[in-house]
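Below is one structure, written out as structure tokens, with a few remarks after it.
In each ligand, atom 1 is the first atom listed, and ligand 1 is the first ligand listed. No experiment lies behind these values; they were computed from the predicted model shown.
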Amino acid sequence: MAKAESNVSDGLTLELIRESLIRQEDTIVFSLIERARFPLNSPTYDKSYASSVPGSGGSLVEFIVKQTEAIQAKAGRYENPEEHPFFPDNLPPSQVPPQKNPEVLHPAAMSVNINKIIWDMYFNELLPLFVTPGDDGNYASTAARDLECLQALSRRIHYGKLVAEVKFRDERKDYEPAIRAQDRDTLINLLTFARVEEAVKKRVEKKAMTFGQEVTLGDDGNKGKYKVNPAIVSRLYGDWVIPLTKDVEVEYLLHRLD
Ligand SMILES: O=C(O)C(=O)C[C@]1(C(=O)O)C=C[C@@H](O)C=C1
């Protein structure tokens with residue numbers, strides 16, 4: 001990974017981490033826009049549709065995610081502590097020379113992977129909100145776009161580990177007693193910045209308006225029409241992305257002194 005892309009370095013600061021979270025918003029908004037080009041395409045998620053694919057064991061989307069993760073694992077993707085697989089069982093080992101990822105996180109971070117929750121949230125709650133009903137037959141492309149959304153969301157949400165680490169280092173004396181007492185409520189209070197959360201929700205709504213507008217050269221008849229409803233992007237952050245990031249922060253912190 002290029003140095004500028006990674007905040008996993010000794011110069012870890014809350015400001016740098018927040019800059020990365022802001023940049024990741026672009027990836028998330030664009031990946032939702034790309035997925036919204038296709039209607040729901042429900043056979044993508046239907047076990048009976050993919051049953052003839054050898055080794056799929058589930059839906060077409062599951063097949064594509066598992067196979068892609070297997071290839072990416074061989075290419076070393078999951079050696080990077082910022083990446084988390086959706087199907088961690090039986091992943092092949094990396095076949096590339098080991099990268100020097102600086103060890104910033106406590107080893108207990110390895111055990112925090114909430115991708116199962118992210119998967120269920122994405123397919124059961126988010127997807128029906130932002131795609132149109134219908135079927136255009138483009139199931140493989142649809143699954144590939146789903147994978148991009150899932151990976152972008154997972155990366156952002158698991159960034160909570162880095163956020164938590166830097167907050168812990170900055171205010172160790174406040175965090176340590178709550179960690180020793182395994183006191184989730186105090187930890188949530190310590191790590192919550194309501195004003196930052198409000199700004200995040202407003203900014204992603206604005207990004208959805210900016211990136212998702214129809215760009216025309218003539219009379220602007222499409223004004224106010226967006227490729228993904230900006231209010232849904234704001235809700236995605238308010239209802240799921242931020243709370244799940246905080247869950248990751250708490251889970252990480254609870255084991256920070258192990
Ligand atoms: O920026 C932080 O301090 C974070 O912990 C990240 C985040 C977020 O998910 O955007 C989560 C909790 C805070 O209340 C504010 C924002």
Q.
Counting non-hydrogen protein atoms only, what is the nearest one to atom 16 (C) of ligand 1? Give residue, atom name and distance.
A. V196 CG1, 3.8 Å
Q) To which protein heavy atom is atom 4 (C) of ligand 1 closest, and what is the distance rounded to 0.1 Å? A) K167 NZ, 3.4 Å
Would you check the N or O atoms of [X], main chain and side chain alike, for any that come under 3.5 Å of an N or O of ligand 1?
X    : value
R18  : yes
F193 : yes
E197 : yes

Q. So does N90 have more than 12 non-hydrogen atoms from other groups sitting under 6.0 Å from CG?
A. no
**Q.** K227 NZ: over 12 foreign heavy atoms closer than 6.0 Å
**A.** yes
Q: Kindly indicate whether the side chain of F86, heavy atoms from C-beta on, has any atom under 4.5 Å from the side chain of E62.
A: no
Q: Flag the pair V200 / E25 as yes when at least one side-chain heavy-atom distance between them is below 4.5 Å, and no otherwise.
A: yes
Heavy-atom contacts under 4.0 Å between [X] and ligand 1: side chain, backbone, both, or neither?
X    : answer
I242 : both
L191 : backbone
R156 : side chain

Q. What's the verdict on salt bridge (charged side-chain N to carboxylate O under 4.0 Å, His left out) for K66 and E69, showing C-alpha distance, side-chain angles and the deciding distance?
A. CA-CA 5 Å; K66 279 184 181 158; E69 288 193 337; over 6 Å; no
Q | Member of R156, E197, K161 meeting the side-chain hydrogen bond (donor to acceptor under 3.5 Å, both in side chains) criterion with T245 | A | R156
**Q.** Non-hydrogen protein atom less than 4.0 angstrom from atom 7 (C) of ligand 1
**A.** no
Q) Under 3.5 Å, is there a donor-acceptor pair linking the side chains of Y226 and Q213? A) no
